[in-house]
Amino acid sequence: MSARARAVGRAFFDRPPDVVAEDLIGCEVSIGGAGGVVVEAEAYGQDDPASHSHRGPTPRCQSMFGPPATIYVYLIHGIHWCFNLVCEEEGRGAAVLIRAIEPTHGLDAMRARRGVDDDRLLCAGPGRLTQALGITGALDGLGTRAAGLHVGRRRDAVEVARVPRIGISAATDLPWRMVARGSRFVSRPIPRSLTP
DNA sequence: CAGTGGATGCTCT
DNA sequence: GAGCATCCACTGT
């Protein structure tokens, strides 16, 4: 077990969502002793028809308009929680969806919560990741400190691919999905046409 | 491996 | 009432 990486500061999140999403790749995220390294994340902004914040605050997405590093968690398809971190300055409604991590800590707890044995599928997808980490709507609106969430700085170099986002029906061309090249822990592979 | 369809219930118009 | 930032099982190559 390696030492915990130094935490990123609030200024890290006080930047545009695509910049934050790109820089989050390779960073360590953990909560309650479970976690890993971010290998896939998507950016969502206010002037972005695919974003919940696009039409202004609603009861669901209100926390997107909070200060940088606020946690935004919502339920999708009535089943799965999705985990975001707010970025840019307060009130902009920008956030980054964490879509996949390479699990490194608390593997047994995550396997138990997921009910699967295949480590590749533990955190490969926004719904799988929240289930593995035990993240629910109870964290919505909290800051990282209050939630017990740790975000550590990137320690090793990563090559990041910028590709179109997944599972949305608007702004499907915007390349705001960031993927760690070569990782086998992503939710879906990088499109062949965008592979060197 | 690719494509399809069902589950499941909250959110917003 | 329609749509949804998903996942899983199942089909057919």
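Every chain is numbered from 1, with letters handed out A, B, ... down the list of sequences.
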So, does [X] get its side chain near the phosphate of [N], meaning an N or O under 4.0 Å from OP1 or OP2?
| X | N | value |
| --- | --- | --- |
| A:R177 | C:dA5 | no |
| A:R128 | C:dC8 | yes |
| A:S169 | C:dG3 | no |
| A:R55 | B:dT11 | no |
| A:H77 | B:dA7 | no |

Is the cationic atom of A:R99 (NZ for Lys, CZ for Arg) positioned less than 6.0 Å from the six-membered ring centroid of A:F83 and within 45 degrees of its normal? no
Nearest-Å distance, [atom1] ([X]) to [atom2] ([N])?
| X | N | atom1 | atom2 | value |
| --- | --- | --- | --- | --- |
| A:Y74 | B:dT8 | OH | P | 20 Å |
| A:L122 | C:dC7 | CG | P | 13 Å |
| A:R60 | C:dG3 | CZ | P | 15 Å |
| A:L121 | C:dT6 | CG | P | 16 Å |
| A:H80 | C:dA5 | NE2 | P | 13 Å |
| A:I79 | B:dG6 | CD1 | P | 14 Å |
| A:I98 | C:dA5 | CD1 | C1' | 12 Å |
| A:Q46 | C:dA5 | CD | C1' | 17 Å |

Under the criterion ring pair (Phe, Tyr, Trp, His ring centres under 6.0 Å), I'd like the reasoning laid out for A:H52 against A:Y74: C-alpha separation, chi angles, the key distance, then a yes or no. CA-CA 10 Å; A:H52 294 165; A:Y74 68 92; 4.5 Å; yes
How is A:I168 classified with respect to the nucleic acid when contacts are heavy atoms under 4.0 Å: base, sugar-phosphate, or nothing? sugar-phosphate
Any base atoms under 4.0 Å from A:R188, or only sugar-phosphate, or nothing? Heavy atoms, all strands. nothing
Assess, by modelled atom type and distance only, whether the side chains of A:S187 and A:E40 contain a donor and an acceptor separated by less than 3.5 Å. yes
Scan every strand shown for a Watson-Crick or G-U wobble partner of C:dA5, both distances under 3.5 Å, and answer none if you come up empty. none
Tell me the partner of B:dT8, counting only Watson-Crick (N1-N3 plus N6-O4 or O6-N4) or G-U wobble (N1-O2 and O6-N3) with both under 3.5 Å; none if nothing fits. none
Counting only heavy atoms from other residues, nucleotides and ligands, does the tally under 6.0 Å from CD of A:Q46 exceed 12? yes
First encountered from the 5' end of DNA chain C, between A:G78 and A:A124: A:G78
Say whether, by atom type as modelled, one donor and one acceptor occur between the side chain of A:R114 and the main chain of A:M110 under 3.5 angstrom. no
